[in-house]
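One structure below.
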Amino acid sequence: MNAKVETRLLKPTPEALALAAELLRAGELVAFPTETVYGLGANALDPAAVLKIFAAKNRPADNPLIVHIAEREQLNGLCEVTPTAENLMDAFWPGPLTLLLPKTAAVPDAVTAGLVSVGVRMPSHPVARELLRACALPIAAPSANTSTRPSPTAARHVLEDMDGRIPLILDGGDCEVGVESTVLDLTGEEPEVLRPGAVTPEMIAAVAGVCAVADSVMRPLREGETAPSPGMKHRHYAPKGRMTVYRGRPERVAERIRRDYDRAENACILAYREHIPQYGDRRVWELGRDEAGAAHSIFALLRRADEQGISRILAEGVRDEGVGLALMNRMARAAAFDIVEAED
Ligand code: TXA
Ligand code: MG
């Protein structure tokens, strides 16, 4: 890294948004809230600005970035918009759905890591929208965490990872969804989910007729296998402590977790609200009331575990349905696929 910069953390006032837009136009990086997680943005049309993202995050150069826009017209000249893409944009934009479409030469290779497709998304968060409108540029933005750390869902998470590396973080409060957007590949025969998110395969199929899910979504990559989405081959969402996810009937899950907790040192349990009483006076943190609540809080809980020096994380799993698929995809990776089926 170059000499340290002073990182400002500002509420999204009109002045702060104007400053952010000016920094982006000048080829600098700005972190901003979206409805999913915080993004680390740069002018997508400026290769030198885009390369700063990879340096600040310590991100492998072969992992492509998503391009964020405020208006659909901004896609003109950047990618080929297919009829299916149009229908999906009508249904889910602005919102947590990224579409992979054939790119044009106008998109720098630094953005797409040399791939022939580009990921595009129109976020719904009002601060993201205002910023994108103010700078009037397509903005390349990965999640604003250091590579391998959990994605940031609050401005302070971004500050933890990016202090001294970027000039500005816009603080828009906690991100509502909490897991990153659905990444949908539209370059093949049928739409295929490469990364699950809040826009589920069922929701996509209702609009596009069909929707496949890459089978690597819920398992580790095999030796020598190429990842359909480069992001999936890199180590992800890794807490410092060892994590295990438990699935099955709630009573059996609680039994296994209690047993493993009592054998471990410095452990914490991640449990749904209604199951918390089953853990007595053990250290238990609430995932939420349901899958959506757990998606909202999972990354913040993993960061809390790191802060508190937790060495063992025992987490209740969920069904792979609805946003549960996205949640289990992240939890399975955080646990390096250490998943226990609590048998009857
Ligand atoms: O919700 C989100 O998508 C957030 C916010 C900031 O918008 N962004 C985000 O970006 O999660 P990032 O870079 O952390 O994750 C992007 C994922 C990576 O797994 C990457 O490999 C994949 O999308 N991706 C992007 N462009 C791709 C492409 N052309 N082909 C295949 N995969 C692509
Ligand atoms: Mg990321």
Side-chain angles (χ1 to χ4, degrees), residues 29-42 44 50 53-54 56-69 78-80 92-104 107-125 127-129 131-132 138-153 157-158 161 169-170 172 175-188 192-199 214 216-217 221 226-238 295 299 326 329-330 333-334:
L29 305 185
V30 173
F32 61 96
T34 82
E35 71 278 20
T36 56
V37 301
Y38 275 73
L40 181 60
V50 169
I53 293 178
F54 288 86
K57 278 180 63 86
N58 207 1
R59 180 177 174 106
D62 65 353
N63 195 1
L65 307 176
I66 295 170
V67 175
H68 297 66
I69 51 158
L78 294 185
C79 59
E80 184 192 321
F92 302 113
W93 278 10
L97 175 66
T98 295
L99 302 175
L100 302 185
L101 293 166
K103 85 170 193 91
T104 69
V107 182
D109 278 342
V111 172
T112 59
L115 296 175
V116 294
S117 63
V118 60
V120 293
R121 138 164 154 84
M122 185 189 288
S124 63
H125 195 290
V127 174
R129 287 177 68 74
L131 177 63
L132 291 166
I139 296 296
S143 48
N145 52 292
T146 307
S147 238
T148 80
R149 291 215 74 202
S151 290
T153 54
H157 300 157
V158 181
D161 287 12
I169 301 167
L170 291 175
C175 300
E176 195 184 324
V177 178
V179 293
E180 307 87 340
S181 64
T182 305
V183 174
L184 185 69
D185 186 0
L186 291 180
T187 65
E192 183 177 38
V193 171
L194 303 186
R195 179 178 73 181
V199 176
S216 49
V217 159
L221 283 179
T226 16
S229 176
M232 304 219 301
K233 77 169 189 260
H234 297 292
R235 197 161 168 256
H236 244 113
Y237 318 115
F299 288 140
N329 169 274
R330 306 318 190 270
R333 277 165 178 75

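We count ligands from 1, going down the list as the structure has it; atoms in each ligand are counted the same way. On a predicted model such as this, the values are computed, not experimentally measured, just so you know.
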Taking R195 for its side chain and N329 for its backbone only, find out whether a donor-acceptor pair lies under 3.5 Å.
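Pair absent, no side-chain N/O of R195 close to backbone of N329.
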Sidechain N-carboxylate O distance under 4.0 Å for R121, E35:
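Yes, charged N to carboxylate O under 4.0 Å.
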Could you list which atoms of ligand 1 come closer than 4.0 Å to a heavy atom of [X]?
{"X": "V183", "answer": "23 (O)"}
{"X": "G39", "answer": "6 (C)"}
{"X": "E180", "answer": "1 (O), 2 (C), 11 (O)"}
{"X": "L115", "answer": "28 (C), 29 (N), 30 (N)"}
{"X": "S143", "answer": "8 (N), 9 (C), 10 (O), 12 (P), 14 (O)"}
{"X": "S117", "answer": "28 (C), 29 (N), 30 (N)"}

Please state which part of H125 comes within less than 4.0 Å of ligand 1, counting heavy atoms only: side chain, backbone, both or neither.
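Neither; no heavy atom under 4.0 Å.
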Determine, considering heavy atoms only, which of P33, P64, A198 sits nearest to atom 25 (C) of ligand 1.
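Closest candidate by heavy-atom distance is P64.
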Go through the steps for L65 and V50 under the test side chain to side chain contact (heavy atoms under 4.5 Å, CB included), then give the verdict.
CA-CA 9 Å; L65 307 176; V50 169; 3.7 Å; yes
Between S143 and the Mg ion (ligand 2), is there a contact where an N/O/S atom of the residue lies under 2.8 Å from the metal?
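It does: S143 brings an N, O or S atom closer than 2.8 Å to the Mg ion (ligand 2).
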How long is the straight-line distance from NE2 of H125 back to OG1 of T34, given to the nearest 0.5 Å?
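That separation rounds to 7.5 Å.
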From CG (L100) to CG (D185), nearest 0.5 Å:
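If we round to the nearest 0.5 Å, L100:CG and D185:CG are 5.0 Å apart.
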For ligand 1, which is the ligand I care about here, please tell me if [X] has any N or O atom under 3.5 Å from one of the ligand's N or O atoms.
{"X": "R121", "value": "yes"}
{"X": "N63", "value": "yes"}
{"X": "T98", "value": "no"}

Kindly give the heavy-atom pair with the smallest separation between A128 and P123, and that separation in Å.
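Minimum heavy-atom separation between A128 and P123: CB-CG, 3.9 Å.
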Of I169, V37, L170, which meets side chain to side chain contact (heavy atoms under 4.5 Å, CB included) against V158?
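For V158, the side chain to side chain contact (heavy atoms under 4.5 Å, CB included) test succeeds with only one of I169, V37, L170, which is I169.
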Which residue, V183, L184, V118, T182, forms the side chain to side chain contact (heavy atoms under 4.5 Å, CB included) with L99?
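Testing L99 for a side chain to side chain contact (heavy atoms under 4.5 Å, CB included) against V183, L184, V118, T182 leaves exactly one candidate, L184.
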I'd like to know if [X] contacts ligand 1, where contact means a heavy-atom distance under 4.0 Å to any ligand atom.
{"X": "I66", "answer": "yes"}
{"X": "K103", "answer": "no"}
{"X": "H68", "answer": "yes"}

Would you please say whether a donor-acceptor pair under 3.5 Å links the side chains of S181 and T98?
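Note: S181 and T98 side chains meet the donor-acceptor criterion.
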Run the salt bridge (charged side-chain N to carboxylate O under 4.0 Å, His left out) test against K103 and tell me which residues pass, sequence neighbours left out.
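Result, salt bridge (charged side-chain N to carboxylate O under 4.0 Å, His left out) vs K103: D109.
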